K.L.:
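Handing you this structure, nothing more for now.
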2 protein chains.
Amino acid sequence: MGLTKTEKFTDQQNTVAKFAKAFAHPARVAILQHLFNIDTCVCGDLVNEIGLAQPTISQHLKELKQLGLIQGNIEGTSVCYCINKENWNNMKNTLLPFLDQDLTQKTSCC
Amino acid sequence: MGLTKTEKFTDQQNTVAKFAKAFAHPARVAILQHLFNIDTCVCGDLVNEIGLAQPTISQHLKELKQLGLIQGNIEGTSVCYCINKENWNNMKNTLLPFLDQDLTQKTSCC
DNA sequence: TTTGTTCATTGAAATATTACGATTAAATAG
DNA sequence: CTATTTAATCGTAATATTTCAATGAACAAA
């Protein structure tokens, strides 16, 4: 147990869950928000910006990178991160239709 | 450790994470999708619809109910669930601006 | 009343996630 | 070459999540 039974669900449902997981921790939300606010690459100052230890930030960045939502380029001795526009749009195309479903209920029994 | 350091983040960041967590498991995505598809209350057949044990479904329903995204009414011997429209809209108002941020980068160093 | 149905709760086991100290790797500066 | 800086990785500890068998509570039907 403790193991998500992925095979019981559709690809779409698993994909929605996978992307949602990226935003399911405030540190990752904060990292992404900072990348948007800066509106360019962030080189190095993420550890100062967010108040967590360097290995922790590094781990969150790794997860976001594995999902493809951000990308990192080595810039001398530091690493620069930014949003991966294409994959961010892919994520939006997956999540928005789910979140934006129509709420008109034909019959309301509740 | 293993404990999210909520106090390091803004209320908005914690709220985004909290809502995203609702969608971070395919079973909960499937439950919500079924409620949307049926477009009315679902009484009972969620366990058959999703292939997980009854206590597991019950727990996922509990989490969605605690977040306010769904509501349940007792209907004789069964319980009817449906989307809570008002809170679903609140959730959308929190998540959509985050997901829909502008992607025009002034300078691109990546 | 007894039996069956439906769903919540409890308890426990397994896996996942979060966090950080210590270390390593790579690049630069002197 | 050595020291410094920056970030990834390793190892580990703590908490969280997922799952389900067993049980309980509420109600309906017999």
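Numbered from 1 within each chain, the chains take letters A, B, ... in sequence-line order. On a predicted model such as this, the values are computed, not experimentally measured, just so you know.
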K.L.:
Write down the distance between CD1 (B/Ile57) and C1' (C/dT9), rounded to a whole number of angstrom.
P.N.:
16 Å
K.L.:
List in chain and number order the residues that pass salt bridge (charged side-chain N to carboxylate O under 4.0 Å, His left out) with A/Asp11, two or more places apart in sequence or in another chain; answer none if no residue qualifies.
P.N.:
none
K.L.:
In residues 12-23 of chain A, which ones come under 4.0 Å of DNA chain C, going by heavy atoms?
P.N.:
A/Lys21
K.L.:
Heavy atoms, side chains only, cut-off 4.5 Å: are B/Leu32 and B/Phe23 in contact?
P.N.:
yes
K.L.:
Return the value, rounded to whole Å, for the distance between atom CD1 of A/Ile31 and atom P of C/dT18.
P.N.:
11 Å
K.L.:
Going by side chain to side chain donor-acceptor pair (under 3.5 Å), name the pairs with one or both residues in residues 13-31 of chain B, residues two or more places apart or in two chains.
P.N.:
A/Thr4-B/His25, A/Gln33-B/Gln13, B/Thr10-B/Gln13, B/Arg28-B/His60, B/Arg28-B/Glu63
K.L.:
Tell me every residue that passes ring-ring contact (aromatic ring centres under 6.0 Å, His included) with A/Phe19, counting only those two or more places apart in sequence or in another chain.
P.N.:
none
K.L.:
Hey, could you give me each pair passing salt bridge (charged side-chain N to carboxylate O under 4.0 Å, His left out) that has a residue in residues 51-60 of chain B? Not counting sequence neighbours.
P.N.:
none
K.L.:
Any side-chain N or O of B/Tyr81 below 4.0 angstrom from OP1/OP2 of C/dA8?
P.N.:
yes
K.L.:
What are the bounds, 5' to 3', of the part of DNA chain D that sits under 4.0 Å from heavy atoms of chain A?
P.N.:
D/dT5 to D/dC20
K.L.:
Quick one: list whatever passes side-chain contact (heavy atoms from CB on, under 4.5 Å) with B/Asn90, sequence neighbours left out.
P.N.:
B/Asn87
K.L.:
Report which part of the nucleic acid A/Ser58 touches: base, sugar-phosphate, or nothing (heavy-atom distance under 4.0 Å, all strands).
P.N.:
base
K.L.:
Got a sec, which residues hit side-chain contact (heavy atoms from CB on, under 4.5 Å) with B/Thr77, two or more places apart in sequence or on another chain?
P.N.:
none
K.L.:
Would you please name every residue forming a side-chain contact (heavy atoms from CB on, under 4.5 Å) with B/Asn93, sequence neighbours left out?
P.N.:
none
K.L.:
What are the two closest heavy atoms between B/Ile50 and B/Ala27, and how far apart are they?
P.N.:
CD1-O, 4.1 Å
K.L.:
With sequence neighbours left out, what residues match B/Lys8 under side-chain contact (heavy atoms from CB on, under 4.5 Å)?
P.N.:
A/Leu52, B/Lys5
K.L.:
Let me have a per-nucleotide readout for nucleotides 19-30 of chain C, 5' to 3', with B, S or -, counting only protein heavy atoms under 4.0 Å.
P.N.:
BBBB----S---
K.L.:
Round to a whole Å and report the spacing from CG of B/Leu64 to P of C/dC7.
P.N.:
16 Å
K.L.:
With sequence neighbours left out, write down each residue that passes salt bridge (charged side-chain N to carboxylate O under 4.0 Å, His left out) with A/Glu49, or none if nothing qualifies.
P.N.:
none
